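What follows is one structure encoded as structure tokens, with my remarks underneath.
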Amino acid sequence: MKPYNPLEIEPRLQKVWAASGQDCVDEESDKPRRYVLEMFPYPSGDIHMGHVRNYTIGDVMARYAKMCGFNVLHPMGWDAFGLPAENAAIKNHTHPAKWTYENIAKQKASFQRMGFSYDWDRTVVACDPEYYRWGQWIFLKLWERGLVERRNSPVNWCPDCATVLANEQVIEGKCWRCASPVEKRDLTQWYFKITDYADELLDDLEQLKGWPERVKQQQANWIGRSEGASVDFVLVPSEKISQVGEGFCGASDGLDDEAKCTSLHEPKSESADEVPQKPETVITVFTTRADTLFGCTFFVLAPEYPGIHELVHGTPYEEEVMALVEASKQVSAVERAQGNHEKHGAFTGRYVINPINGEQVPVWVADYVVADYGTGAVMAVPCGDQRDFEFARKYHLPIVPIILPEDDPLYPQLKDEQNRVVTEVDWEAAYAAEGILVQSGPYTGLVGGKHSPGEEAVVKALEEMGRGHRTVEFRLRDWLISRQRYWGNPIPAIHCPTCGVVPVPEEDLPVLLPENIDLAAGETLATHEEFAKCTCPVCGGPARRETDTMDTFTCSSWYYMRYTDPHNDRAPFDSAKANAWMPVDQYIGGIEHAILHLLYSRFFTKVLRDMGMLDFDEPFENLLCQGMVKDEHGETMSKSKGNVIAPEDMIAEYGADAVRAYILFMAPPDKDLLWSEDGLAGLYKFLNRLWRQIYDLAGQAEDDTLFQAGRKPADAQATQKALLRQRHRVVGKVTDDFARNNFNTAIAAIMELSNTTGDYLRANSAESRAANEDLRAFDAEIAETLVKLMAPIAPHWADELWQSVLGRDGSVHEQPWPTWDPELAKADEVELAVQVNGKVKARIMVDAEAAEEDVRAQALEAVSQAIEGKEVRKAIVVPGRLVNIVVG
RNA sequence: GCCCGGGUGGCGGAAUGGCAGACGCGUCGGUCUCAAAAACCGAUACCGAAAGGCGUGUGGGUUCAAGUCCCACCCCGGGUACCA
């Protein structure tokens, strides 16, 4: 017997596999296709345990699918644009491409050392012009479809990375990459209009039956659809204000007053059949709680609301209001994110008219209103909204109860009250839940709340008077894709002084990144004259190239399509090929991409579908988000913390197969994992033990140590029978576990089969087995089954045994998955627990096919002492499990 | 605050409403050995000498039977956050 020596076997077989091309796709095959994909890595250099886990899970799935008879596409590539390469290049006075390609080579070697079965002929590298030219092409197509916009707005700016960031890349007010506090800046940037797809991106989450609930939930929250209404409030002209400073005031006929337009909004257009009026200034709000409109006692604008200065200019309120506007600019995103929510506000001296009842309400500016959600203005209903409530308390604004639960002490008094009789409450918090409307004119008595009859009635009334309508707001913002960095995909646009911003013509793609750039000396694309200077493709005049590059997430939004046709030089991919392979049957990656990459990819897929290039709606049919690998204290591993575990040392000691098996065995794939090396040796021992058993079953164990080690006399035939049963049971169990991604219990089941094999080998000498033809065949079948079951998990171990010990032709990875017979998995006799009132009192052996009556009788007999003198009320027989005898 | 997960031996973790703790690690005992390692065998939730009792975050409930279902609550992790 050759001892198990993974360090010799693994590199040798890796070469054999590479030479055989067995992991490459055969496009001609008529087998059903299956696309198994792991998220491609950033080429950061060394691989870590997170990679090992992610790619081991994917490899097991791919190898298993292949054994199940699928034509499997299992590619790998690199998400190769991005800041770390650029930063490293600056530090080391080298070029990002050099750093990147060196790291790719290193990672590729590590992946090969792990025995991952990738089709290396299909590798996609995002910084390769052959790939990124098609990213530019897609950009132009989005532009054609009106999904690209260049506009000025407040954006997230990371001072350390010296670039802007998308909303999704700001984590708790900090940069997702370097954790620097993010600043707000007003800049002109490029956007993908992902919000055009907001509804579909939300609604189609329901189709994704194979996605984890938590990921769908996160995306739904991020998209954040709110159904409500927009309501128009008319600004009272300054000269019409009669009761300055009193805050909330009683009914007014402001609507009929002559009003002058201020600079806040476009004048509201009046319908033709009305008497022409002077234009009025309208401020629109978005609300999900139009039912509470009668409780609106003030009105609030965000500090960034346009035109605030004009509103207060030259009034006694100007100083205070503008001070607040300035102060709120200084509050960083980090401070906001940390929940420092002390509200600050200032009165503008102005009033608006509440359309539902004509009341004048004072207009405030306050920092608790978000400028870029809804309209940046809100109607404040302190009795029904906690934020408004807190603000009202702080600034002594009235809190009028207009919605109550029926058990409120005020309810009996107000339940039929249409007019306002109570204008102040002593509540400790707002009442935001569903309730009954009171003091609300004709709506009194209706149920109020989100999507309530009261809300519907009020919106209907607003629509009839032309002061509001149903509308939907999203939390999702357009995707800011421009980056002021070199190492990315250049945006194919040209700025012409005469023609404006024009697209680079398709035939001029790719816009190549210049290689001769000295980043360390501070050179950027913008200062690189050779790159920036160009001629306008429309007028031929001198022009300048766009010098921003695209967010790296644009590269990862379609790479999985490219894998289906990676060498196409006429299109990003051939539609027929993409449609044949996609959607991806099984996608595997980290939960950290729950929103970012997975949302952007869904968006790209829908756009390409609308372009007629794809015939499906969603890119990833099944998604497995593997849990994070953390250190023993539960901390995430990172270079900065110095707690990164490198797999190389473990591979050098135990081999890749043991590392693969161990990381699968430690926990279910979707759970976080606290890394500990304690059990790794155990898995290595298991591979060794099983290795010896295979030799023994193959009749090649030179000494009969396993038999000799047996101490307990056992019935040799009984152990064989038990092993046959176990073999069928375990194949069924492992097959089932693989289907549900329960790799840890699959391995446990194989261990059980190995344990039963041990019992058998101890009870049957090698000599006696060799002498019996039936046993020789039986042994060979058991060995074959064990090797095949282990093949996806420990591919080198299995292939070595398959070819060298079992003497089979070809690779085990080309073999069919073992089948099983449920009939043979059944036991003849089963042990049942006998309970009395739910407590186990005895055990009985019964024939597996025994009639219920016989089982009951045997059970009663077994516990006759325990139930003596008691009345047996019931005896419940659960076949194959237990008998529960209920006594009084 | 809201939305997801999750709480089971010394540890990682198993359990379609049906014997809680599969499988492994660790520990203890044993075989082999001059000895040790390796290998192999056995034990191992807790309390108790035993009979037995008691056990899946807490408190209730449904059920012949609850880790699993229902109600209330506590704790931990993740996401999100003045989103009107």
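Proteins get letters first, then strands, A, B, ... in listed order; numbering begins at 1 in each. All of these numbers come straight from a predicted model, not from anything done at the bench.
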Q. With nearest nucleotides of RNA chain B determined for Met666(A) and Lys839(A) from heavy-atom distances, which residue corresponds to the more 5′ nucleotide?
A. Met666(A)
Q: Can you tell me the distance, in whole Å, between the CZ atom of Phe686(A) and the P atom of C23(B)?
A: 12 Å
Q.
If we count only N and O atoms by modelled type, under 3.5 Å, do the side chains of Trp479(A) and Glu168(A) hold a donor and an acceptor together?
A. no
(Q) Quick check on contacts: within residues 748-757 of chain A, what sits under 4.0 Å from RNA chain B by heavy-atom distance? (A) Ala748(A), Met751(A), Glu752(A), Asn755(A)
Q: Could you tell me the separation between the CZ atom of Arg689(A) and the P atom of C40(B), rounded to a whole number of Å?
A: 5 Å
(Q) Taking the C1' atom in each of U63(B) and G77(B), what is the distance between them to the nearest angstrom? (A) 33 Å
Q. Should the pair His597(A) and His593(A) be assigned to parallel (<30°), tilted (30 to 60°) or perpendicular (>60°) ring geometry?
A. perpendicular
Q) How should the glycosidic conformation of G9(B) be described, syn or anti, under the criterion that syn lies within 90° of 0? A) syn
**Q.** Gln217(A)-Arg214(A) side chain donor-acceptor pair, cut-off 3.5 Å
**A.** no
**Q.** Note: Glu455(A)-Arg470(A) ion pair, threshold 4.0 Å (strictly below)
**A.** yes
**Q.** Validation row, ring centre Phe389(A) to ring centre Trp427(A) under 6.0 Å
**A.** no
Q.
Rounded to whole Å, please give me the gap between CZ in Arg214(A) and P in G77(B).
A. 16 Å
Q: For the residue pair Phe743(A) and Phe738(A), categorise the inter-ring angle as parallel (less than 30°), tilted (30 to 60°) or perpendicular (more than 60°).
A: perpendicular
Q. RNA chain B: Trp222(A) or Arg387(A), which has the more 5' nearest nucleotide?
A. Trp222(A)
Q: Might you confirm whether atom CD of Glu829(A) has over 12 heavy atoms from other residues, nucleotides or ligands at distances under 6.0 Å?
A: yes
Q.
I'd like the C1' distance from U68(B) over to G17(B), given in whole Å.
A. 7 Å
Q: For G18(B) versus A65(B), give the span between their P atoms, rounded off to a whole number of Å.
A: 14 Å
Q | Span that lies between the P atom of A36(B) and that of C28(B), in whole angstrom | A | 14 Å
Q: Can you tell me the distance, in whole Å, between the CD1 atom of Ile595(A) and the P atom of C4(B)?
A: 15 Å
**Q.** Integer angstrom distance from the P of U62(B) to that of G52(B)
**A.** 30 Å
Q.
Between A43(B) and G24(B), how many Å separate the two P atoms, rounded to a whole number?
A. 13 Å
Q) Taking the P atom of each, how far is C75(B) from G30(B), in whole Å? A) 48 Å
Q | Centroid-centroid distance, Tyr662(A) to Trp675(A), less than 6.0 Å | A | yes
Q: Report the relative orientation of the aromatic rings in Phe286(A) and Tyr373(A); use parallel for angles under 30°, tilted for 30 to 60°, perpendicular for over 60°.
A: perpendicular
Q. Quick one: which of G26(B), A65(B), C83(B) gets closest to the side chain of Arg475(A)?
A. C83(B)
(Q) Output the rounded distance in Å from CD1 (Ile171(A)) to P (A81(B)). (A) 9 Å
**Q.** Distance-only donor-acceptor check, side chains Thr719(A) and Asp759(A), under 3.5 Å
**A.** no
Q: Rounded to the nearest angstrom, tell me the gap between atom CG in Asn221(A) and atom P in C4(B).
A: 8 Å
Q) Could you spell out the base pairing of RNA chain B in dot-bracket, with Watson-Crick or G-U pairs whose two distances are under 3.5 Å, [ ] crossing and | to another strand? A) (((((((..(((.....[....)))((((((.......)))))).((....))...(((((..]....))))))))))))....
Q.
Could you tell me how far C23(B) sits from C47(B) if I compare only their C1' atoms? Round to whole Å.
A. 27 Å
Q: Calculate the interatomic distance between Leu683(A) atom CG and G12(B) atom P; express it in whole Å.
A: 17 Å
